[in-house]
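For reference, the structure discussed in these notes is given below.
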Amino acid sequence: LIDKMFKMADSTLVVACWLAILVSSASAAGPSTIVTILIDDLGSYDTQVNNPAAPTPNLGKLSHEEGLRLERFYVFKYCSPTRRSLLSGRFPVHISENQADVCSNLLPLTMEILSEKLKKANPPFMNHFVGKGHLGYQTTAHLPINRGFDSHVGYLCGQEDYSYGNNLSPQHDCPGKPARCYKDMWHDDKPGTDIVSEIFYSTNWYTQQAMSIINNHNKSVPLWLHLPYQAVHGPYTDSPAWERIPSSSTFWDHTFGDMLSVVDEGIGNVTNLLKSNGMWTDAILFITSDNGGIGPGNNYPLRGMKATPWEGGTRVMGFITGGFLPSNLRGTSTNHVIHVADWYPTICNLAGVEDCTNTVVIANKSRPIDGIDQWPYITGQKTGVAHEFLPTVSVALIYQERYKIITSAQSTIWYTENCTHIPDSRTEWPCLNDDGEAIQGTPTLGGCTICNEKKPCLFDVIADPDERVNLASTNATLVKMMMDQLATYKPYAYPMTPAELANFTCTQNISSLWGNFSGPCCVPKS
């Protein structure tokens, strides 16, 4: 009897051990579905993430009931550098702050971008790119389809019309290229001649493409869907009449409200489909903007807008949602500072990739990624400051998540809740000459420099997130230390060398390659 009892105890112990291992393995397993969504030029107060009156109920529910709101999420001050930062894990001040010309090498082939990393997961991810690129495509090797994405539909340049892949007529939106390139839409490895006629309103069309990918996906294989919408970037184009917000709405701009409503409905359709297809439980979604709002966008209560170093240009709406997000984090928020470059190692590690580093040698120097895996901080396994120094742009740096220095900035505005603009005062913020001396200046927006290297601006962005009180004059030691650190960041992206282009034929007359479509300037030699 005693022997039987010991055998039963041994069996029970073995079962318990196996159960513990299985539970541990299940908790350690990463998400089987990853979705990254960028809403272009979105103001921090444009959606129900921060504004309960905005016409975006899906974003409101996803962020407040099912998500973790990122109260201090930073990107670059405008489009292209943010997008390249996400894919490369590098700060824009290190790659390049330039907007990517279609034929540029601002996301060098020597870098292993996130899609290529996810191909090294076990099993490899199926990666799909739907929407705006603006990454730089000096050669056909730079196209998403040749850099780890299994499919790609979208445009290569910075902006275009919302219908039929038309560039902003009659000008081509890719600097230095012939004006006769009137369309910008690609489908995998060729111009999208087969799809442009379908694009009646791009927001809806991109949503349809994303939903098609989800419906056709083999759920035994992990999925990454990268969905950078064109909306709500200019030209501000009203949605189809049947999708507009009520005429009685008090939203500050009805066309802009309509655009927001359609992208919100699109995200709602994508997330609902993940749920109905049984993919939500193991899904994680990262939703944000590429920069602060501009035009009808509202960055209340922050100062500044897109293309400025102020918080309104670089601190944006962001949240994480999906069934993979731990239940205790849903419906909460964090003030932990996160940068868009952090998504590279965070997603890479969640996907179970063995090596999420990517150090490359450029100009005889090793260039590692700048991003930090934020998942341990998000889930509470780690505490404290992830980035001791965070350069948001080449003239602005955050230290210890608290102090922010700006060494070059023009006069700007604050916003109200209904998107009226309040210019900064020339009495409190006088125009400065190059020596940091106050001069008589124009009160118009951007009409004068109010922070420069001789008289920088320093803010405590925890106590003063609206950047109203300049602390520089009483913190000389801190200012010098931060300015010295800021000076260490140098861009290292470069044009491809003749040796790197040896196997390509290049031309500036891209219409000879792609007809009336934009596209890379270099193709493989035949």
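Along the sequence shown, residues are numbered consecutively beginning with 1. Bear in mind the structure is a predicted one, so any value in this text is a computation, not a measurement.
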Does any donor atom in the side chain of [X] or [Y] lie under 3.5 Å from an acceptor atom in the other side chain?
{"X": "Q230", "Y": "S202", "result": "yes"}
{"X": "E112", "Y": "Y344", "result": "no"}
{"X": "Q374", "Y": "D342", "result": "yes"}
{"X": "T488", "Y": "D484", "result": "no"}
{"X": "N127", "Y": "H226", "result": "no"}
{"X": "D46", "Y": "N51", "result": "no"}
{"X": "Q485", "Y": "Y489", "result": "yes"}
{"X": "Y377", "Y": "T334", "result": "no"}
{"X": "S85", "Y": "W343", "result": "no"}
{"X": "T449", "Y": "Q410", "result": "yes"}
{"X": "D184", "Y": "S518", "result": "yes"}
{"X": "E66", "Y": "T321", "result": "no"}

Donor-acceptor check, side chain of [X] to backbone of [Y], threshold 3.5 angstrom: yes or no?
{"X": "K117", "Y": "T357", "value": "yes"}
{"X": "T82", "Y": "F76", "value": "yes"}
{"X": "R367", "Y": "I362", "value": "yes"}
{"X": "N277", "Y": "M279", "value": "no"}
{"X": "D290", "Y": "D41", "value": "yes"}
{"X": "D464", "Y": "D460", "value": "no"}
{"X": "S333", "Y": "R69", "value": "no"}
{"X": "T47", "Y": "L59", "value": "no"}
{"X": "W514", "Y": "P520", "value": "yes"}
{"X": "N349", "Y": "P345", "value": "yes"}

Flag if over 12 foreign heavy atoms under 6.0 Å of [atom1], [X]:
{"X": "Q381", "atom1": "CD", "result": "yes"}
{"X": "K480", "atom1": "NZ", "result": "no"}
{"X": "K365", "atom1": "NZ", "result": "no"}
{"X": "Q400", "atom1": "CD", "result": "yes"}
{"X": "K190", "atom1": "NZ", "result": "yes"}

Please find out if less than 6.0 Å separates the ring center of [X] from that of [Y].
{"X": "Y45", "Y": "Y300", "result": "yes"}
{"X": "H387", "Y": "F91", "result": "yes"}
{"X": "W280", "Y": "F324", "result": "no"}

Between [atom1] of [X] and [atom2] of [Y], what distance do you get to the nearest 0.5 Å?
{"X": "T392", "Y": "I405", "atom1": "OG1", "atom2": "CD1", "answer": "11.5 Å"}
{"X": "M496", "Y": "L109", "atom1": "CE", "atom2": "CG", "answer": "5.0 Å"}
{"X": "N105", "Y": "T497", "atom1": "CG", "atom2": "OG1", "answer": "9.0 Å"}
{"X": "I398", "Y": "E311", "atom1": "CD1", "atom2": "CD", "answer": "5.5 Å"}
{"X": "Y137", "Y": "L156", "atom1": "OH", "atom2": "CG", "answer": "5.0 Å"}
{"X": "T407", "Y": "L458", "atom1": "OG1", "atom2": "CG", "answer": "12.0 Å"}

Self-check item: Audit row: S96, Y494, side chain to side chain donor-acceptor pair (under 3.5 Å) steps and yes/no
Solution: CA-CA 9 Å; S96 170; Y494 60 95; over 6 Å; no

Quiz item: Is there any disulfide bond (SG atoms under 2.5 Å apart) pair reaching into residues 312-384, and which pairs are they, with sequence neighbours excluded?
Solution: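 Qualifying pairs: C348-C356.
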
Does a side-chain heavy-atom distance below 4.5 Å link [X] with [Y]?
{"X": "V130", "Y": "I213", "value": "yes"}
{"X": "L390", "Y": "L397", "value": "no"}
{"X": "L107", "Y": "H142", "value": "no"}
{"X": "R90", "Y": "M111", "value": "yes"}
{"X": "Q209", "Y": "H128", "value": "no"}
{"X": "L225", "Y": "F129", "value": "no"}
{"X": "F125", "Y": "K119", "value": "no"}
{"X": "R315", "Y": "S44", "value": "no"}

Distance-minimising heavy-atom pair for [X] and [Y]:
{"X": "M126", "Y": "D150", "value": "CA-OD2, 3.3 Å"}
{"X": "P368", "Y": "S366", "value": "CD-O, 3.5 Å"}
{"X": "L227", "Y": "A210", "value": "CD2-CB, 4.1 Å"}
{"X": "P524", "Y": "T140", "value": "CD-OG1, 3.2 Å"}
{"X": "Y206", "Y": "V153", "value": "CE2-O, 4.4 Å"}
{"X": "I406", "Y": "A409", "value": "CG2-CB, 3.7 Å"}

Quiz item: Can K404 and E467 be said to form a salt bridge (Lys or Arg N to Asp or Glu O under 4.0 Å), step by step?
Solution: CA-CA 9 Å; K404 176 180 175 182; E467 297 171 302; 2.9 Å; yes

Quiz item: Can you list the residues that meet the side chain to side chain donor-acceptor pair (under 3.5 Å) rule with H152, with sequence neighbours excluded?
Solution: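 None.
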
Quiz item: Could K61 and D264 be called an ion pair, given the rule that one side-chain N must be under 4.0 Å from one carboxylate O?
Solution: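 D264 and K61: not salt-bridged.
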
Quiz item: F504 and K525: side-chain contact (heavy atoms from CB on, under 4.5 Å), yes or no, with the steps?
Solution: CA-CA 5 Å; F504 293 92; K525 289 181 178 178; 5.6 Å; no

Quiz item: If you measure SG to SG, does C506 sit under 2.5 Å from C521?
Solution: no

Practice problem: Quick one: which residue pairs count as a salt bridge (charged side-chain N to carboxylate O under 4.0 Å, His left out) with a foot in residues 132-148, not counting sequence neighbours? | Solution: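 Passing the test, one end in residues 132-148: D40-K132.
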
Practice problem: May I have the step-by-step check of ring pair (Phe, Tyr, Trp, His ring centres under 6.0 Å) for F149 and W224, ending in yes or no? | Solution: CA-CA 9 Å; F149 285 98; W224 176 33; 5.2 Å; yes

Self-check item: Among V49, V316, L70, L42, side-chain contact (heavy atoms from CB on, under 4.5 Å) partner for T288
Solution: V316

